[in-house]
Amino acid sequence: VASLTSNGYSDIEQIATGSTAIVFRAKNSDGFYHAVKVFCKAPDISRRRDQAKREASALDKFHHERIVPFRKVSEPNSDVPFVSMKWLENATSLNKYFSTQQKGFAEIKKFAVSASRALEYMHARSWLHRDIKPQNLIVSTNDDGEAEISLIDFGQAAKVSQIGPAGTANFLDASINDWKNHVWEETNDLYALAVSFMYILQDNVLPFEIGNDGVIDKNQIKICRRSNEERALYEIFRRCTDADASKRFPNATALREALE
């Protein structure tokens with residue numbers, strides 16, 4: 001907190017913690033609030049500095065209405081590395097939002113189209129998110145009080161064809177056999193996005209069947225037992241997870257057009 005104060009922040013409040021960082025809500029010297037992500041979990045300070053630099057470098061390249069805007073990053077040799085983003089009002093993760101709100105077909109569809117547009121934008125610039133999940137899809141309210149979705153957490157973002165481990169196990173593409181040496185593609189992001197929304201349509205439960213060994217089987221997708229409209233939406237998402245790569249949507253544009 002003292003370090004954030006010396007960087008011009010006040011009214012500092014911890015709001016979340018993750019595997020690599022703690023997130024604070026803090027007022028910047030210009031009077032606007034930021035979401036400040038302080039990297040503090042890695043034991044090595046150089047590693048924490050690299051994490052802040054990496055995420056800031058990625059965020060600074062993206063200027064899209066459905067991607068959380070970048071604000072600033074700590075000095076290169078800071079003992080408390082951080083990256084800050086625009087504070088989103090009434091922000092909550094996609095899964096938490098729908099745990100308290102009635103799941104309406106129109107709103108789920110609207111959010112899915114918006115998230116697809118964000119990926120269209122990134123992929124057109126040869127960037128991948130590589131960690132899409134409900135917790136990184138944030139619902140907030142705009143100036144008109146309307147709910148909208150934003151993509152956050154770019155700590156694992158990388159250029160297309162980057163090799164190496166990334167992502168969250170339950171939302172990781174089932175086609176990935178060698179996680180540590182996988183060459184990342186656009187369809188891997190689409191898979192994770194689809195599973196995130198199928199998770200919502202399954203009442204915040206993963207859409208995979210459980211095998212006889214008690215482990216989830218990503219090749220066995222549960223049936224959606226909701227309205228006809230929602231089942232049709234679910235089937236669009238299911239196509240992003242097809243074991244036959246030729247049956248999947250080739251890119252985010254094709255997914256977005258199918259959703260619209």
Side-chain angles (χ1 to χ4, degrees), residues 1-101 118 122 127 129-143 145 147-158 165-169 171 196 204:
V1 172
S3 178
L4 294 183
T5 300
S6 66
N7 278 276
Y9 286 110
S10 61
D11 193 16
I12 301 166
E13 176 188 4
Q14 181 176 330
I15 59 170
T17 185
S19 60
T20 63
I22 296 175
V23 181
F24 297 87
R25 176 181 183 266
K27 183 186 287 187
N28 191 35
S29 55
D30 61 7
F32 290 96
Y33 281 93
H34 292 179
V36 186
K37 185 175 182 179
V38 178
F39 294 89
C40 57
K41 300 297 184 72
D44 183 358
I45 183 61
S46 62
R47 172 61 177 158
R48 299 198 297 271
R49 288 170 179 161
D50 285 345
Q51 289 171 328
K53 179 181 177 181
R54 177 191 178 104
E55 183 150 359
S57 178
L59 264 175
D60 196 32
K61 293 177 173 64
F62 307 136
H63 304 280
H64 187 272
E65 61 182 0
R66 299 280 60 86
I67 294 177
V68 63
F70 169 71
R71 289 296 181 251
K72 63 182 182 180
V73 64
S74 54
E75 294 296 325
N77 294 321
S78 173
D79 289 334
V80 184
F82 71 84
V83 59
S84 65
M85 299 140 282
K86 177 183 177 181
W87 175 255
L88 303 175
E89 291 298 330
N90 301 314
T92 188
S93 63
L94 185 69
N95 54 310
K96 288 184 179 179
Y97 178 80
F98 280 115
S99 69
T100 58
Q101 301 284 330
M122 288 185 65
W127 277 84
H129 186 279
R130 303 202 309 167
D131 194 22
I132 304 288
K133 55 187 176 184
Q135 293 84 352
N136 288 339
L137 294 164
I138 297 298
V139 180
S140 59
T141 52
N142 60 25
D143 292 340
E148 57 188 16
I149 198 168
S150 298
L151 187 56
I152 69 163
D153 196 344
F154 292 81
Q156 299 191 58
T168 299
F171 299 90
S196 295
N204 285 353

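Model, not experiment: these values are computed from the prediction.
Checking each of Ser3, Ser84, Ser29 against Tyr9 for a side-chain hydrogen bond (donor to acceptor under 3.5 Å, both in side chains) leaves exactly one that passes, namely Ser84.
Salt bridge annotation for Asp60-Arg71: absent, with no cationic side-chain nitrogen under 4.0 angstrom from a carboxylate oxygen.
Put simply, the side chain of Asp11 reaches to within 4.5 Å of the side chain of Tyr33, judged on heavy atoms. In this structure, the side chains of Asn28 and Val36 stay at 4.5 Å or more apart for every pair of heavy atoms. In this structure, Met122 and Leu151 have side chains that are in contact, with non-hydrogen atoms separated by less than 4.5 Å.
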Go through the steps to decide whether Asp153 and Lys133 satisfy the test salt bridge (charged side-chain N to carboxylate O under 4.0 Å, His left out), and finish with yes or no. CA-CA 10 Å; Asp153 196 344; Lys133 55 187 176 184; 5.7 Å; no
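For Phe39, there are no ring-ring contact (aromatic ring centres under 6.0 Å, His included) partners at least two apart in sequence or on another chain. Residues satisfying the side-chain hydrogen bond (donor to acceptor under 3.5 Å, both in side chains) test with Asp44, not counting sequence neighbours, are Ser46. Partners of Arg54 according to the salt bridge (charged side-chain N to carboxylate O under 4.0 Å, His left out) rule, which considers only residues two or more places apart in sequence or in another chain, do not exist here. Residues satisfying the ring-ring contact (aromatic ring centres under 6.0 Å, His included) criterion with Trp87, sequence neighbours excluded, are absent altogether. With sequence neighbours left out, Phe171 forms a ring-ring contact (aromatic ring centres under 6.0 Å, His included) with no residue at all.
Considering CZ of Arg66 and CG of Leu137, their distance stands at 11.5 Å, rounded to 0.5 Å. Taken to the nearest 0.5 Å, the CD1 atom of Ile67 stands 8.5 Å off from the NE2 atom of His129. Atom NZ of residue Lys53 and atom OG of residue Ser78 lie 14.5 Å apart, to the nearest 0.5 angstrom. The NZ atom of Lys72 lies 12.5 Å from the CE atom of Met85; values are rounded to the nearest 0.5 Å. Of the inter-residue distances, the one linking Leu88 atom CG with Ile152 atom CD1 reads 8.0 Å to the nearest 0.5 angstrom. Considering OG of Ser57 and CG of Asp50, their distance stands at 11.5 Å, rounded to 0.5 Å.
Across all their heavy atoms, Pro81 and Ser74 have their closest contact at CA-OG, 3.3 Å. The shortest heavy-atom contact between Ser93 and Pro134 is CB-O, 3.7 Å. Considering all non-hydrogen atoms of both residues, Leu94 and Ile149 come closest at CD1-CD1, 3.9 Å. Ala52 and Val73 make their closest contact through O-CG2, 4.0 Å (heavy atoms, listed as atom of the first residue, atom of the second, distance). Across all non-hydrogen atoms, the minimal contact from Ile45 to Asp79 is CD1-O, 3.6 Å. In plain terms, the two heavy atoms of Leu4 and Phe82 that are nearest each other are CD2-CD2, 4.0 Å.
In this structure, Phe70 has its ring center at least 6.0 angstrom away from the ring center of Phe154.
Without hydrogens or angle criteria, Asn95 side chain to Asn204 main chain gives no donor-acceptor distance under 3.5 Å. Formation of a donor-acceptor pair under 3.5 Å by the Asn142 side chain with backbone atoms of Glu148 is not found in this model. Formation of a donor-acceptor pair under 3.5 Å by the Arg130 side chain with backbone atoms of Gln156 is found in this model.
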Quiz: residues 16-26 side-chain donor-acceptor pairs under 3.5 angstrom, not counting sequence neighbours:
residue	atom	partner	partner atom	Å
Thr17	OG1	Lys41	NZ	3.2

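Using modelled atom types and a 3.5 Å distance limit, the side chains of Asn90 and Thr141 yield a donor-acceptor pair.
Counting heavy-atom neighbours within 6.0 Å of Glu75 CD, excluding the residue itself, gives a total of 12 or less.
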